[in-house]
Amino acid sequence: RPMFERVRETVIPEHLEVGDERIVYDAISRFTAIEDAPDFVVGPLRRGEWYDVPVRVEYALRDGLIRDIHVTRRGDRMFSGG
């Protein structure tokens, strides 16, 4: 929660696979500073700067319900100085 007082996350979808046993979702998580966030976990940010972090989210399903969620990075973060 404290992170979102200074940083906003936007999820940019890239790819989605849906099956009976799992859902795989590739996206970019863009973290944009709405005020300075020198201690942000991804890296320090000043107002207006952002990081793009490629992620893969895998949902394991059982009987049509989510039984597990696993999130991994798909590559290096990218930075924009705003």
Check your understanding: In terms of heavy-atom contacts, does CZ of R46 have more than 12 from other residues, nucleotides or ligands at under 6.0 Å?
Key ->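 Open: at most 12 neighbouring heavy atoms sit under 6.0 Å from CZ of R46.
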Exercise for review: Verify the cluster assignment for V18 and I69: are they in a single hydrophobic cluster under the rule of side-chain heavy atoms below 4.5 Å apart?
Suggested key: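 V18 and I69: one cluster.
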**Study point:** Shared hydrophobic cluster for I28 and V55 (ILVMFWY, side-chain gaps under 4.5 Å)
**Key:**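 Looking at the clustering, V55 is in a separate group from I28.
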Practice item. Compare every heavy atom of V7 with every heavy atom of I34, then report the nearest pair and how far apart it is. Key: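 That would be CG1-N, 4.2 Å.
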Exercise for review: Identify the two heavy atoms, one from P13 and one from A27, that lie closest to each other, and give their separation to 0.1 Å.
Suggested key: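 Looking at all heavy atoms of both residues, the shortest contact is CA-CB, 4.1 Å.
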Run the side-chain donor-acceptor check on residues 35-43: report pairs under 3.5 Å with partners two or more places apart or on a different chain.
{"residue": "D36", "atom": "OD1", "partner": "R47", "partner atom": "N", "Å": "2.9"}
{"residue": "D39", "atom": "OD1", "partner": "R6", "partner atom": "NH1", "Å": "2.8"}
{"residue": "D39", "atom": "OD1", "partner": "R6", "partner atom": "NH2", "Å": "2.9"}

Can you tell me how far apart [atom1] ([X]) and [atom2] ([Y]) are? Round to the nearest 0.5 Å.
X	Y	atom1	atom2	answer
D26	L16	CG	CG	9.0 Å
F31	L45	CZ	CG	10.0 Å
D20	D63	CG	CG	11.0 Å
S29	R77	OG	CZ	14.0 Å

Review point. How far apart are the C-alpha atoms of R22 and E58, what are their side-chain angles, what is the distance that settles it, and do they pass the salt bridge (charged side-chain N to carboxylate O under 4.0 Å, His left out) test?
Key: CA-CA 7 Å; R22 73 182 190 142; E58 295 186 49; 3.2 Å; yes
Check your understanding: Are any non-hydrogen side-chain atoms of V11 and Y25 less than 4.5 angstrom apart?
Key ->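 Result yes, sub-4.5 Å side-chain heavy-atom pair found.
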Exercise for review: Indicate, with yes or no, if the rings of F79 and Y51 have centres closer together than 6.0 Å.
Suggested key: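 Yes, they do, as the ring centres are separated by less than 6.0 Å.
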Review point. After noting the C-alpha distance and the side-chain angles of E17 and R56, does the key distance pass the salt bridge (charged side-chain N to carboxylate O under 4.0 Å, His left out) rule?
Key: CA-CA 11 Å; E17 292 178 34; R56 171 168 281 186; 5.2 Å; no
Check your understanding: Is it true that E21 and R67 have a side-chain N and a carboxylate O under 4.0 angstrom from each other?
Key ->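 The answer is no: the pair does not qualify as a salt bridge.
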Check your understanding: Is there a donor-acceptor pair closer than 3.5 Å between any side-chain N or O of R8 and the backbone N or O of R30?
Key ->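 No; judged by distance alone, with no hydrogens or angles, the pair does not exist.
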